[in-house]
Enquirer: 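Mind looking over this structure? Questions follow.
Just so it is clear: chains get the letters A, B, ... in the order the sequence lines come, proteins before strands, and each one is counted from 1.
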Protein chains: 2
Amino acid sequence: MHILLLIAHGSRREASNQEVREVARKLEAISSSRFDRVIPAFLELAEPSITAGIDICSEAGATDITVVPYFLSAGRHVAEDIPENLRKAAKQHPGLKIHLRPHIGGHDEMPVLLFQSSFDEE
Amino acid sequence: MHILLLIAHGSRREASNQEVREVARKLEAISSSRFDRVIPAFLELAEPSITAGIDICSEAGATDITVVPYFLSAGRHVAEDIPENLRKAAKQHPGLKIHLRPHIGGHDEMPVLLFQSSFDEE
């Protein structure tokens with residue numbers, strides 16, 4: 001069983017966290033050929049935390065987790081905090097394979113998406 | 001003359017601001033059919049500010065500016081701070097047409113990009 005864990009920063013503003021959960025829901029709808037579920041998690045300020053998110057994946061029966069960081073830049077959160085949290089979680093779940101992907105802001109297609117966004121709603 | 005202004009939050013970490021400038025450079029390279037230039041600007045913590053960015057566009061000869069907010073969620077920055085800064089700038093440049101687009105995190109194709117990101121580098 002393969003689960004995608006979408007990690008966002010988390011916000012004090014609950015509507016922002018809900019927006020991430022909605023993106024995760026849409027991502028789950030289009031990615032069912034590859035992932036059994038998509039679960040959102042948050043580095044801070046919102047639930048579930050990264051380690052709690054991994055627990056949820058494990059309890060759901062995951063053998064593989066692909067982690068996509070929903071961050072625009074490769075700051076300390078992406079370079080240090082997320083990997084550290086994943087290492088902690090991996091120790092708790094030694095059988096689980098965790099595959100960490102690059103942050104979304106570094107994706108080659110991001111400029112294309114921004115270009116598309118400049119056209120919308122005209 | 002039509003310029004795209006890519007507005008990011010801005011960071012104390014200069015490498016993050018450089019990452020935004022690099023995205024703007026790539027966006028300029030693929031969008032030349034529509035935009036004469038792409039200029040990055042920052043809400044805070046980095047230069048140019050939004051109003052300085054609009055000044056740069058105006059000095060470059062822009063008649064139209066399309067603004068794309070490089071933000072993942074529609075928080076106060078997107079809903080209030082960016083429009084307020086644009087209103088201030090518009091007052092200084094009454095001939096300029098400023099077209100504000102939705103934040104990138106709300107784009108319908110973002111889940112598709114996240115799905116793509118889950119595959120990369122395997």
Side-chain angles (χ1 to χ4, degrees), chain A residues 2 4-6 8-20 22-35 38 66-79 99-122, chain B residues 2 4-6 8-20 22-35 38 66-79 99-122:
Chain A
H2 197 165
L4 190 156
L5 191 71
L6 182 70
H9 185 280
S11 172
R12 280 187 189 83
R13 186 176 163 276
E14 188 49 28
S16 292
N17 303 325
Q18 279 304 117
E19 204 176 335
V20 172
E22 180 64 16
V23 168
R25 201 190 56 74
K26 289 179 181 169
L27 177 52
E28 185 173 80
I30 63 169
S31 67
S32 59
S33 63
R34 180 166 157 81
F35 299 107
V38 174
T66 290
V67 176
V68 177
Y70 194 36
F71 284 73
L72 292 178
S73 63
R76 186 172 45 80
H77 291 326
V78 166
H99 315 271
L100 176 57
R101 294 285 167 266
H103 68 295
I104 196 67
H107 197 286
D108 282 347
E109 296 291 318
M110 182 58 87
V112 178
L113 186 62
L114 290 163
F115 188 36
Q116 282 176 23
S117 186
S118 80
F119 280 99
D120 293 344
E121 304 185 74
E122 287 198 275
Chain B
H2 197 164
L4 189 155
L5 191 71
L6 182 69
H9 185 279
S11 172
R12 281 187 187 82
R13 186 175 163 275
E14 187 49 26
S16 292
N17 303 325
Q18 279 304 117
E19 204 175 336
V20 171
E22 180 64 15
V23 168
R25 201 191 56 72
K26 289 179 182 169
L27 177 52
E28 186 172 80
I30 63 168
S31 69
S32 59
S33 61
R34 178 166 159 82
F35 299 107
V38 173
T66 290
V67 176
V68 177
Y70 193 37
F71 284 73
L72 292 179
S73 63
R76 186 173 45 81
H77 291 325
V78 166
H99 315 271
L100 176 58
R101 293 284 168 267
H103 67 295
I104 196 66
H107 198 286
D108 281 347
E109 297 292 319
M110 182 59 88
V112 178
L113 187 61
L114 289 164
F115 188 37
Q116 282 176 24
S117 185
S118 80
F119 280 96
D120 294 345
E121 304 185 76
E122 288 199 273

Enquirer: Which bit of L114(A) comes within less than 4.5 Å of chain B, counting heavy atoms only: side chain, backbone, both or neither?
Expert: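 For L114(A), heavy atoms of backbone and side chain both lie under 4.5 Å from chain B.
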
Enquirer: With a 4.5 angstrom heavy-atom cut-off, could you sort out which part of V68(A) is near chain B: side chain, backbone, both or neither?
Expert: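 When you check distances to chain B, only side chain atoms of V68(A) fall under 4.5 Å.
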
Enquirer: Between E22(A) and R25(A), does any side-chain N to carboxylate O distance fall below 4.0 Å?
Expert: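 Yes, E22(A) and R25(A) are salt-bridged.
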
Enquirer: Which heavy atom of R13(B) sits nearest to which heavy atom of S11(B), and what is that distance?
Expert: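 Residues R13(B) and S11(B), closest heavy atoms: N-OG, 2.9 Å.
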
Enquirer: How close do S73(A) and V78(A) get, heavy atom to heavy atom, and via which atoms?
Expert: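 Heavy-atom minimum between the residues: O-CG2, 3.5 Å.
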
Enquirer: Among I104(A), V112(A), V38(A), L72(A), which residue forms the greatest number of heavy-atom pairs with chain B at distances under 4.5 Å?
Expert: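 Of the candidates given, the most pairs with chain B belong to L72(A).
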
Enquirer: Is H103(A) in contact with chain B via its backbone, its side chain, both, or neither, using a 4.5 Å heavy-atom distance?
Expert: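 For H103(A), the contact with chain B is made by the side chain alone.
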
Enquirer: Most heavy-atom pairs under 4.5 angstrom with chain B, which of S31(A), A24(A), A29(A)?
Expert: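 Of S31(A), A24(A), A29(A), S31(A) has the most heavy-atom pairs under 4.5 Å with chain B.
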
Enquirer: What part of A15(B) is in contact with chain A, defined as an atom under 4.5 angstrom from a non-hydrogen atom: side chain, backbone, both or neither?
Expert: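 Neither; nothing under 4.5 Å.
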
Enquirer: Do S16(B) and F71(A) have side chains that get closer than 4.5 Å, going by heavy atoms?
Expert: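 In short, these two side chains do not touch, never coming nearer than 4.5 Å.
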
Enquirer: Measuring from atom CG of L5(B) to atom OG of S118(A), what distance do you get when rounded to the nearest 0.5 angstrom?
Expert: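 That separation rounds to 12.5 Å.
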
Enquirer: Quick check: does any side chain N or O of E109(A) sit under 3.5 Å from a backbone N or O of L113(B), one acting as donor and the other as acceptor?
Expert: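 Such a contact is absent between E109(A) side chain and L113(B) backbone.
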
Enquirer: What part of Y70(A) is in contact with chain B, defined as an atom under 4.5 angstrom from a non-hydrogen atom: side chain, backbone, both or neither?
Expert: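 Both parts, backbone and side chain.
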
Enquirer: Could you check which of V23(B), N17(B), I30(B) has the highest count of heavy-atom pairs closer than 4.5 Å to chain A?
Expert: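 Highest number of heavy-atom pairs under 4.5 Å: I30(B).
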
Enquirer: Name the option with the most non-hydrogen atom pairs under 4.5 Å to chain B; the candidates are E28(A), K26(A), M110(A).
Expert: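 It is M110(A).
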
Enquirer: Kindly compute the distance separating CG (L27(A)) from CZ (F35(A)), expressed to the nearest 0.5 Å.
Expert: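 Rounded to the nearest 0.5 Å, the CG-CZ separation comes out at 7.5 Å.
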
